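The structure appears right after this line, and notes come after that.
Because the structure is a prediction, the values reported are computed rather than measured.
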Amino acid sequence: QVQLVESGGGLVQAGGSLRLSCAMSGRTERLYAMNWFRQTSGQEREFVAAISWGGGRTDYADSVKGRFTISRDNAKNTVYLQMNSLKPEDTAVYYCAADQSFILRKLHSDMDYWGKGTLVTVSS
């Protein structure tokens with residue numbers, strides 16, 4: 001079992017920045033790609049970013065490319081999402097997810113473990 005806890009959400013003005021963190025505990029010795037998803041009320045959970053176990057491969061949703069950066073520190077069992085140039089449409093609950101996969105996947109149904117989410121609100 002793996003436990004994921006997100007932090008770093010909050011209220012920010014458009015154009016501002018936030019850094020989300022996801023702390024992983026439990027069976028962290030397993031190999032996991034790590035992902036960020038987001039969800040707004042009434043919408044499906046959508047893919048935001050993914051990173052491979054070693055951090056050498058990343059993938060992003062088109063809507064966040066050039067503005068968001070995913071990274072990880074395996075020594076600290078933590079994954080980060082640096083969000084810059086935030087827009088009101090980035091407002092959502094952001095979820096961290098662990099995927100026991102060597103390839104980067106984007107479907108929320110492929111993820112093995114989930115955190116409880118952290119709310120990001122971007123005001124205009």
Side-chain angles (χ1 to χ4, degrees):
Q1 289 289 331
V2 173
Q3 294 78 45
L4 304 174
V5 179
E6 303 94 337
S7 62
L11 174 64
V12 63
Q13 287 189 332
S17 298
L18 280 176
R19 188 175 82 154
L20 305 184
S21 298
C22 173
M24 184 164 58
S25 60
R27 298 292 301 271
T28 58
E29 71 276 10
R30 306 292 293 272
L31 297 180
Y32 289 99
M34 296 299 296
N35 295 54
W36 287 96
F37 286 77
R38 65 188 182 187
Q39 187 172 25
T40 55
S41 180
Q43 300 294 317
E44 270 202 8
R45 203 165 289 190
E46 67 168 349
F47 169 78
V48 175
I51 188 167
S52 60
W53 168 253
R57 289 175 287 126
T58 57
D59 196 8
Y60 297 92
D62 288 342
S63 58
V64 307
K65 277 181 184 175
R67 300 188 298 121
F68 291 11
T69 303
I70 188 171
S71 62
R72 66 191 297 166
D73 184 340
N74 288 340
K76 295 181 178 180
N77 290 325
T78 302
V79 179
Y80 305 97
L81 184 68
Q82 178 67 43
M83 305 186 295
N84 298 328
S85 302
L86 282 161
K87 305 175 182 180
E89 50 264 43
D90 294 318
T91 295
V93 176
Y94 283 72
Y95 296 91
C96 175
D99 181 10
Q100 194 177 345
S101 170
F102 289 104
I103 63 173
L104 300 182
R105 301 192 288 188
K106 300 181 179 182
L107 296 179
H108 59 79
S109 56
D110 288 330
M111 302 297 111
D112 294 298
Y113 299 100
W114 290 91
K116 293 185 178 181
T118 185
L119 176 63
V120 172
T121 304
V122 184
S123 64
S124 57

Between [X] (side chain only) and [Y] (backbone N and O only), is there a donor and an acceptor less than 3.5 Å apart?
X      : Y      : value
Asp99  : Asn35  : no
Tyr94  : Leu81  : no
Asp112 : Gln100 : yes
Arg72  : Ser52  : yes
Arg67  : Ser63  : yes

Linking I/L/V/M/F/W/Y whenever their side-chain heavy atoms sit closer than 4.5 Å, directly or via other members, would [X] and [Y] fall into one cluster?
X      : Y     : result
Ile70  : Val2  : yes
Val64  : Tyr80 : no
Met111 : Trp36 : no

Taking the side chain as C-beta and beyond, is there a heavy-atom pair between [X] and [Y] under 4.5 Å?
X      : Y     : answer
Val48  : Phe68 : yes
His108 : Gln39 : no
Tyr60  : Thr69 : yes

Side-chain donor-acceptor contacts of residues 113-124 below 3.5 Å, not counting sequence neighbours, with atom names and distances?
{"unit_1": "Thr118", "atom_1": "OG1", "unit_2": "Gly9", "atom_2": "N", "d": "3.2"}

Do you know the tightest heavy-atom contact between [X] and [Y]?
X     : Y     : result
Glu6  : Tyr95 : OE2-CA, 3.4 Å
Ser17 : Asn84 : OG-OD1, 2.9 Å
Pro88 : Ala14 : CD-CB, 4.1 Å
Leu86 : Val12 : CD1-CG1, 3.6 Å

Working to the nearest 0.5 Å, report the span between [atom1] of [X] and [atom2] of [Y].
X      : Y      : atom1 : atom2 : result
Asp110 : Ser101 : CG    : OG    : 8.0 Å
Leu4   : Met24  : CG    : CE    : 7.0 Å
Asp59  : Arg105 : CG    : CZ    : 13.5 Å

side-chain contact (heavy atoms from CB on, under 4.5 Å) between Asn74 and Trp53, worked out = CA-CA 8 Å; Asn74 288 340; Trp53 168 253; 3.8 Å; yes

Residue pairs meeting salt bridge (charged side-chain N to carboxylate O under 4.0 Å, His left out), one or both in residues 31-45, sequence neighbours left out, come to Arg38-Glu46, Arg38-Asp90

So which pairs with a foot in residues 69-124 pass disulfide (SG to SG under 2.5 Å), sequence neighbours left out?
-> Cys22-Cys96

Look at the rings of Phe37 and Phe47 and say which category their plane angle falls in: under 30° parallel, 30 to 60° tilted, over 60° perpendicular.
-> perpendicular

Chi angles and distances behind the side-chain contact (heavy atoms from CB on, under 4.5 Å) call for Lys106, Leu104 | CA-CA 7 Å; Lys106 300 181 179 182; Leu104 300 182; over 6 Å; no

Asp73 and Thr78: side-chain donor and acceptor closer than 3.5 Å?
-> no

